Amino acid sequence: MEKQQKLGTIKGKGERTLFIVFFVIFVVYAITLLCPVLWLFLSSLKGKLEYEMSSPFALPEHWEFGNYIECFQTLNVRETGYIGMVWNSLWMTGLSIGLGIFTSSAVAYVVAKLKFPGRKLIYGIVVLQMLLPTYGSMAASLVLQKTLGIYDTPIQVIVSSFAVGGAKFLILYSFFRGISWEYAEAAKIDGASNLMIFLKIMFPQAIAPIMTFALGDFVAGWNDYMTALIYMPSYPTLATGLYKYESAMTRAVDMPVYFCGVLLSAIPAVTIFLAFRDTFMSSLSMGGLKG
């Protein structure tokens, strides 16, 4: 008995030591991530000449908070100002996420749970699609959109959102495969259709992975400057505006003002992460029927 207590004490000390070691490692890692953000914030408060002439790590001699006001006035693309670019980023990203995730979830559910001819072919096409290079089809996609008349229109965002494939489809497919079909059988007894089973039973159970995908897609879409630059030039997003501002003024660019735009562009992504951090960090396990 005493020997078991000693082993338990040793195990407890070992676990505490391991916890402390990993805690210190993650604290150091967090500091390395926050330091660039702090440097970016301090640099955004410097004047243009001060930034170019002084040490990169020196504190601002004059705290130029007016750089943030100038940011709203300077950053513009095709007469679209900062607020307009933020709005374009919001509706494009929101529309793409909403339609894209719902479509992927619906197709993944149908292929995983419903038996019909050709479902294995659909699964194979999705897997094959992941092997093809993304930019190999960009020229053909651009020509097709211009031919259909949806190039540089909001319809392009809607049509592109219906694309299904990638790891998102495979994970949702595996998720729906793991859900007991007894849920659907119980609902069919009450007269529910396949559509109602998906909308009211299956889809709500997949909220955890769906919200995780939504958060990741929001960050990726918010920072995507290439899509708007190529397919939606009349609707510049904030990422596109920052990219064009930096590339068009390589030498004359006001870096502190540019840093202000970068920091402001990160606020929506950080806000959404903080709002849904519990969902993002939660496990994908779920309760269900047993036996």
Side-chain angles (χ1 to χ4, degrees), residues 74-108 110-111 118 121-173 210 213-250 253 258 261-262 264-266 268-269 272:
T74 304
L75 296 179
N76 60 82
V77 178
R78 291 193 173 190
E79 299 183 355
T80 301
Y82 193 93
I83 301 299
M85 290 188 288
V86 170
W87 167 244
N88 290 336
S89 296
L90 286 174
W91 74 261
M92 284 187 192
T93 305
L95 196 60
S96 298
I97 291 174
L99 294 177
I101 288 183
F102 181 80
T103 303
S104 296
S105 301
V107 175
V110 170
V111 176
L121 177 62
I122 295 176
Y123 183 84
I125 291 175
V126 172
V127 174
L128 178 63
Q129 181 186 12
M130 297 177 64
L131 303 177
L132 300 176
T134 305
Y135 294 98
S137 60
M138 182 177 294
S141 175
L142 193 61
V143 173
L144 178 62
Q145 291 182 19
K146 289 184 177 180
T147 303
L148 296 175
I150 63 175
Y151 173 75
D152 199 17
T153 65
I155 300 177
Q156 187 274 339
V157 180
I158 298 175
V159 173
S160 300
S161 301
F162 289 128
V164 176
K168 184 191 307 179
F169 170 84
L170 296 179
I171 293 175
L172 289 173
Y173 171 84
I210 285 173
F213 287 131
L215 180 59
D217 289 348
F218 180 84
V219 174
W222 187 264
N223 295 324
D224 179 21
Y225 63 89
M226 189 61 68
T227 299
L229 189 65
I230 296 176
Y231 298 106
M232 302 282 288
S234 297
Y235 300 87
T237 61
L238 185 55
T240 304
L242 291 171
Y243 169 77
K244 297 194 75 171
Y245 177 77
E246 181 185 18
S247 59
M249 304 178 66
T250 306
V253 63
Y258 172 76
V262 173
L264 292 174
S265 67
I272 288 181

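Residue numbers count from 1 along this sequence. The structure presented is a predicted model; accordingly, all values stated were derived computationally and were not measured.
Take Thr153 and apply the side-chain hydrogen bond (donor to acceptor under 3.5 Å, both in side chains) test, not counting sequence neighbours, and it matches no residue. Every residue meeting the salt bridge (Lys or Arg N to Asp or Glu O under 4.0 Å) condition with Asp217, not counting sequence neighbours, appears here in chain and number order: Lys168. Not counting sequence neighbours, Ser104 has no partner by the side-chain hydrogen bond (donor to acceptor under 3.5 Å, both in side chains) test. The side chain to side chain contact (heavy atoms under 4.5 Å, CB included) search around Val157 returns Trp91, Met92, Leu95, Ser96, Ser161, Met232, not counting sequence neighbours. Every side-chain hydrogen bond (donor to acceptor under 3.5 Å, both in side chains) that Thr227 has, sequence neighbours left out, goes to Asp224. Listed by chain and residue number, Phe198 satisfy the side chain to side chain contact (heavy atoms under 4.5 Å, CB included) test with Ala106 (two or more places apart in sequence, or in another chain). With sequence neighbours excluded, the residues forming a ring pair (Phe, Tyr, Trp, His ring centres under 6.0 Å) with Tyr173 are Tyr123, listed by chain and number. Applying the ring pair (Phe, Tyr, Trp, His ring centres under 6.0 Å) criterion to Tyr82, with sequence neighbours excluded, gives Phe72. Taking the side chain to side chain contact (heavy atoms under 4.5 Å, CB included) definition, one finds that Val143 meets it with Thr147, sequence neighbours left out.
Distance check: Leu238 CG to Thr80 OG1 gives 12.0 Å after rounding to the nearest 0.5 Å. Atoms CD1 and CD1, on Ile210 and Ile171 in that order, are 12.0 Å from each other to the nearest 0.5 Å. Taking CG of Asn223 as the reference point, atom OG1 of Thr240 lies at 11.0 Å (rounded to 0.5 Å). Once rounded to the nearest 0.5 Å, the distance linking CZ of Phe162 with OG1 of Thr103 reads 5.0 Å.
Sorted by first then second residue, the salt bridge (Lys or Arg N to Asp or Glu O under 4.0 Å) pairs that include residues 227-238, not counting sequence neighbours, number zero. Applying the ring-ring contact (aromatic ring centres under 6.0 Å, His included) test to every pair with at least one member in residues 213-233, sequence neighbours left out, gives these pairs: Phe218-Trp222, Tyr225-Tyr243. Screening residues 87-97 for salt bridge (Lys or Arg N to Asp or Glu O under 4.0 Å) gives no qualifying pairs among residues at least two apart or on separate chains.
The two residues Pro154 and Tyr235 have their closest heavy-atom pair at CD-OH, 3.7 Å. Scanning all heavy atoms of the two residues, the minimum distance from Ser89 to Thr237 falls at OG-CB, 3.2 Å. When all heavy atoms of Leu172 and Ala108 are compared, the pair lying nearest together is CB-CB, 3.8 Å. Of all heavy-atom pairs spanning Ser265 and Leu242, the tightest one is OG-CD1, 3.9 Å.
Here the side chains of Ser234 and Tyr151 are not in contact, with every heavy-atom distance at 4.5 Å or above. Side chains of Leu170 and Val127 form a contact here, defined as non-hydrogen atoms less than 4.5 Å apart.
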Inset, instruction - Begin with the C-alpha distance, continue with both residues' side-chain angles, and end with the deciding distance and a verdict on side chain to side chain contact (heavy atoms under 4.5 Å, CB included) for Leu229 and Lys244. - result: CA-CA 9 Å; Leu229 189 65; Lys244 297 194 75 171; 3.9 Å; yes

Inset, instruction - May I have the step-by-step check of side chain to side chain contact (heavy atoms under 4.5 Å, CB included) for Ile150 and Leu144, ending in yes or no? - result: CA-CA 9 Å; Ile150 63 175; Leu144 178 62; over 6 Å; no

